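Data first, discussion second: the structure below is written as structure tokens.
So you know, we letter chains A, B, ... as the sequences are listed, proteins then strands, and number each from 1. All of these numbers come straight from a predicted model, not from anything done at the bench.
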Amino acid sequence: MELAKAYDPKEAETNHYSRWEDGGYFAPEINENTEAETFSIVIPPPNVTGSLHMGHALQHTLMDTLTRWKRMQGYKTLFLVGVDHAGISTQLMVTRQLKKEEHKTPQDIGRKAFTEKVWEWKNKYGGEITRQMRKEGLSVDWSRERFTMEESLSKAVLSVFVRLYEEDLIYRGTRIVNWCPKDKTVLSDLEVKEEKAKEGKLYYLKYPVLKSSGLESVAKDEQGTRNSELLSTATGGSVTYVTVATTRPETMLGDTAVAVNPDDERYNHLIGNTVLLPLTNRKIPVIADDYVESAFGTGAVKITPAHDPNDWEIGERHNLVKLVVMNDDATMNEAAGADFTGLDRYAAREKVVEKFEELGLLEKIEDYDLTLPHCERCKTVIEPLLSEQWFVKMDEMRDLALKQMRDENSPRFFPEIPHKKVYTNWLENLKSWTISRQLWWGHRIPAWYDAEGNVYVARSKEEAAAKAGTQNLTQDEDVLDTWFSSALWPFSTLGWSTSEPPALAGGLTQAEDLRQTEWDKQSSKNQPAHAGGSDNRSDLDTFYPTDVLVTGRDIIRLWVSRMVMMGIKFIGGKPFDDVIIHGTVLDKNGQRMSKTKNNGIDPLDVFEKFGVDATRMALAGSATGVDFAWRDEKVESFRNFANKIWNATRFCLMNSEGATVNTDSINLSKEGLHRYLGDSVPLPSLADRWIISRLNKTVKSVNFALETYQFHEAVQLLYHFFWDDFCDWYIEFVKDEIVGTQAPLPAANGGGRLGACVPARTRILTILEQALRMLHPFMPFLTEELWQKLPGTSNGLHNTAYRSAGKTIMLADFPKPDETMIDEAAESEMSAVIELITKVRNIRAEMNITPVERFTVHIAADNATQVVFATNEPQILKLARAEKLIIGDDLEVPMASAKAVTANAEIAVPLEGLIDFDKERERLNGQIFKLNVELERLNAQLSNSDFVNKAPEEKVKDLRERAAEIVQQTNTLNQNVEALR
RNA sequence: GCCGACUUAGCUCAGUGGUAGAGCACUCGCUUCACACGCGAUAGGCCACAAGUUCGAAUCUUGUAGUCGGCACCA
């Protein structure tokens with residue numbers, strides 16, 4: 001079989017995915033071993049509106065690598081995927097489309113029609129990211145794909161909402177909330193980002209004080225005469241002011257008090273007095289509250305309880321009127337006064353300032369740095385607004401999550417520092433969560449109101465009607481925050497929905513009872529594993545808790561914590577054991593990628609340029625949890641790696657006649673080795689023993705790396721094993737044997753030229769096949785493409801758990817490391833040979849001897865080493881490009897020789913007429929110098945009695961040995977230098 | 001303001017209480033029959049700075065500087 005000269009990823013990437021998917025290879029049911037342990041991952045659902053970005057690609061790579069690895073190890077494996085409905089984003093997108101295509105607003109067509117539009121949009125465009133996931137090669141079980149708005153997940157939302165309400169953990173209340181005037185909905189704290197305001201100003205406004213007789217003036221108005229007409233009537237002629245500082249003058253229209261610190265001597269005589277609020281002619285009290293810091297601003301604060309969270313609290317404490325002066329689009333309403341009604345908040349601000357100036361009540365304006373809350377999505381400045389919303393009390397669930405962390409250190413974060421702390425700190429300070437959203441796209445709040453405004457929360461209108469005793473009910477207009485449904489994802493996707501309404505009357509309202517009943521009832525059902533939409537528990541029983549959640553830093557608060565809380569609360573246990581927090585992919589300048597900076601890198605472009613497998617390797621090859629700057633060069637190096645694998649396979653296939661992969665050897669145990677070496681073959685060569693040892697060590701280390709989520713470590717190990725060990729040394733070592741240039745075997749032994757090379761071909765194919773399996777979780781397409789072409793894999797499923805599946809590497813056994821095949825003797829012998837070859841090559845390069853030139857290499861070494869070199873003479877000759885080896889106890893060479901020392905041997909290459917004595921001396925002296933530097937350091941340590949006495953014996957011994965070795969090598973090199981004189 | 005992370009070869013990054021590592025780039029030499037997306041051989045770092053703990057610190061502690069995050073914000 002002849003392969004193309006270079007690897008073209010496109011072919012492999014189109015060849016296999018649909019076969020895997022159609023064959024059901026991704027579904028856990030492919031595993032027929034009823035005893036198999038399970039492994040499960042649920043994807044943190046991306047937005048239905050989203051398309052793939054680098055963060056996804058990284059996250060997906062890690063999840064898929066783990067999944068494929070575990071699946072090959074025989075675990076019953078589920079990688080569950082889906083998207084969330086992304087309430088605001090989706091609604092905005094469809095609203096824009098509606099406007100563009102039909103010039104209508106959602107209100108024009110009504111809630112029902114609009115919701116239908118969104119579904120249409122979802123069905124038409126919502127699959128973008130899932131298509132991209134297929135391109136990435138993700139081994140997700142598409143038959144279990146989930147969507148937060150689908151029936152079973154919606155039922156789960158209903159169940160959770162109703163139960164939390166029944167337990168008084170969900171309540172409706174009027175609070176200051178984060179209001180986005182553009183999206184016209186409330187937002188949770190997590191959807192709000194504090195950002196520096198472009199130009200912050202602090203405005204000092206003067207409010208005239210009424211009833212000031214008998215009191216000291218606070219701030220005499222120097223120009224009091226000009227505006228005295230308005231004020232004098234109220235103040236009886238003598239105008240005194242209190243000056244407040246504000247960044248938002250327009251809110252003064254909603255002021256209902258001025259507050260000062262009770263201990264502030266400048267003001268405490270004013271407490272209890274009244275201020276005339278300019279522009280409104282409203283009389284408002286001066287109150288005392290500790291919240292006010294005397295040192296800041298003027299020490300007097302205007303209080304707008306309906307438009308500032310802190311002011312609201314003061315308002316609560318002092319029973320102040322909470323006057324809302326804005327509409328939901330941040331224009332001023334009628335309560336702001338006729339002059340301002342309908343003005344945008346910023347226009348109103350200007351006008352207020354103007355008027356104050358006209359009235360001479362504007363003391364000054366200062367520049368002022370401040371940060372303002374912005375809508376994470378549309379960047380609009382958030383308006384704190386008094387509004388009636390639904391909230392979840394988090395205290396109880398928070399405590400459960402914190403207890404779990406304290407008692408079980410669960411979930412385990414990778415890396416633990418600093419994420420564990422971020423998680424617990426956030427939980428500790430957790431406040432109520434605003435869950436209602438003023439949208440039409442989402443799970444509508446299951447609350448109904450009767451004519452009197454009484455609220456009935458139930459799973460259905462019928463149930464609510466039964467509670468209310470009337471059919472005359474209207475449902476709450478709002479929907480739930482998308483994250484409410486996402487928080488349930490780890491179990492709602494596994495079939496939990498408790499769709500049955502609980503008994504309405506007594507007994508079952510207790511949380512524990514309800515859970516027990518639901519659990520028992522559902523567990524007894526024996527439905528097909530993933531009958532979509534139906535309520536079944538078998539997936540939940542099998543796969544919950546999931547093994548690991550892979551996600552980004554910002555998601556710890558958004559999800560990890562909420563999923564944990566909901567999981568503990570509703571399933572009675574954590575949703576996942578481990579949480580991998582991956583790093584952020586930055587652009588090549590180390591900047592965060594963002595739309596505004598337009599520095600994003602599209603993973604699909606990278607796939608196109610370098611291939612999916614190379615991209616996956618580049619992503620997995622970055623340390624877990626650490627941010628890294630994206631470099632095309634890095635992917636390029638893995639593109640090259642893919643090509644290397646391709647070509648190594650190509651070479652093996654070009655020389656595979658008569659041989660097959662030994663599929664019987666599930667691992668490379670001694671028995672397996674014997675099977676493929678056969679009786680007619682001599683003992684395994686050094687190179688064979690060595691590569692098998694290296695292979696086993698690599699498998700062992702890769703397993704360990706993956707178990708501890710050190711993906712980059714696994715990538716390094718695989719890269720090094722395949723390229724350096726397998727290609728650079730093993731292939732080169734056995735090349736002649738494989739190609740068949742050595743003597744034919746006698747007929748009695750299978751005979752002929754081919755017979756002589758078949759065992760070597762079998763060995764290399766078998767090792768190559770093991771390597772491909774090891775690489776498969778990282779590079780699924782390339783390895784499948786090549787594996788399919790290897791002779792002997794056609795009947796080759798190696799994992800009996802998958803016996804009814806077709807031919808695929810993804811269901812082959814992941815190599816199992818065998819300690820007995822780790823051969824330290826082979827490794828050290830091979831090191832000696834490699835060092836010898838490298839030194840000779842070095843002489844050639846340093847002496848400028850052309851590659852064509854052949855020379856004799858003299859070697860002096862101990863007996864054991866002599867045997868090693870003699871045994872591997874043909875390979876040494878070839879790789880060192882030497883003509884002849886003369887191996888003995890001593891070197892007997894002419895003066896005109898280049899020399900070198902290794903750990904085990906002395907080397908000389910006679911170069912009569914070719915050698916430049918000065919250059920050779922320089923070369924040797926260079927080596928001596930380096931050794932001396934090391935020796936000095938060693939001697940310094942060894943002559944330190946503290947070190948010798950206190951350091952571990954082993955360490956001292958190592959250093960002594962190394963020092964002795966250096967002394968010996970230096971002596972030899974010095975003699976060599978002398979010999980050149 | 002509080003908290004955290006990072007600072008290692010030209011670049012991007014690993015690493016670890018006991019002789020500094022990789023990939024890429026650089027230099028030199030190769031159309032060696034799998035691969036120039038390659039082969040071979042070099043070169044390159046007082047591991048940010050300072051102090052401490054230790055026989056020994058790039059690694060642990062503290063401080064300083066710079067970079068980047070997160071959180072909280074006083075009108």
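The CZ atom of A/F722 sits 11 Å away from the C1' atom of B/C35 (whole-angstrom rounding). Rounded to a whole Å, the CG atom of A/N425 is 12 Å from the P atom of B/A5. Protein atom CD of A/E965 is 12 Å distant from nucleotide atom C1' of B/U19, rounded to whole Å. Atom CG of A/N643 is separated from atom P of B/G38 by 7 Å (rounded to the nearest Å). As rounded to whole Å, 17 Å separates atom C1' of B/C3 from atom CH2 of A/W426. Taking atom CD1 of residue A/I556 and atom C1' of nucleotide B/C3, one finds them 14 Å apart after rounding to whole Å. Residue A/W646 contributes atom CH2, which lies 17 Å from atom P of B/C37 at whole-angstrom precision. Here B/A5 presents its P atom at 13 Å from CD of A/E416, a figure rounded to the nearest Å.
Taking a pair as Watson-Crick or G-U wobble with both distances under 3.5 Å, the runs of three or more consecutive pairs in RNA chain B are B:1-7 with B:65-71, B:10-13 with B:21-24, B:27-30 with B:38-41, B:48-52 with B:60-64.
Of the candidate nucleotides B/A75, B/C35, B/C55, B/C35 has the atom lying nearest to any side-chain atom of A/K644. Checked against B/G70, B/C74, B/A36, the side chain of A/K5 finds its nearest nucleotide in B/A36. Checking B/G38, B/G18, B/C13 against the side-chain heavy atoms of A/F947 singles out B/G18 as nearest. Out of B/G4, B/A14, B/A75, the shortest distance to the side chain of A/V626 is found at B/A14. Nearest nucleotide to the side chain of A/R937, out of B/A20, B/A34, B/C13: B/A20.
Judged by distance alone, with hydrogens and angles left aside, A/E934 brings a side-chain donor or acceptor within reach of the base of B/U19, the pair sitting under 3.5 Å. Counting atom types as modelled, A/E732 pairs a side-chain N or O with a base atom of B/A34 as donor and acceptor under 3.5 Å.
Residue A/I417 places its CD1 atom among 12 or fewer non-hydrogen atoms of other residues, nucleotides or ligands, all under 6.0 Å distant.
For the pair A/N429 and B/C71, the criterion of a side-chain N or O lying under 4.0 Å from OP1 or OP2 is not met. Side-chain N/O atoms of A/R841 include one lying less than 4.0 angstrom from OP1 or OP2 on B/A41. At B/A75, none of the side-chain N or O atoms of A/W312 fall inside 4.0 Å of OP1 or OP2 (strictly under the cut-off). Close to B/G18, at under 4.0 Å from its OP1 or OP2, lies no side-chain N or O of A/K950. Residue A/N848 has no polar side-chain atom (N or O) positioned under 4.0 Å from OP1 or OP2 of B/C28. At the phosphate of B/U42, neither OP1 nor OP2 sits under 4.0 Å from any side-chain N or O atom of A/K930. Between A/Y368 and the phosphate of B/A75, there is a side-chain N or O to OP1/OP2 separation shorter than 4.0 Å.
The shortest heavy-atom contact between A/I837 and A/A880 is CG2-N, 4.2 Å. Pairing each heavy atom of A/F722 with each of A/K644, the nearest pair is CE2-O, 4.2 Å.
When each of A/W646, A/Y7, A/F781 is tested with A/L786 by the rule side chain to side chain contact (heavy atoms under 4.5 Å, CB included), just one qualifies, namely A/W646.
Using a 3.5 Å distance cut-off with no hydrogens or angles, the side chains of A/K609 and A/T615 do not pair a donor with an acceptor.
Counting non-hydrogen atoms under 4.0 angstrom, A/A623 reaches the backbone sugars and phosphates but no base. When heavy atoms are screened at a 4.0 angstrom cut-off, A/A629 is found touching the sugar-phosphate backbone but no base atom.
Ion pair A/E316/A/K322 flagged as a salt bridge, since at least one NZ, NE, NH1 or NH2 atom sits closer than 4.0 Å to an Asp/Glu carboxylate oxygen.
Between A/Y203 and A/F356, the distance separating the two ring centers is not shorter than 6.0 angstrom.
The CD atom of A/Q941 sits 5.0 Å away from the CG atom of A/L959 when rounded to the nearest 0.5 Å.
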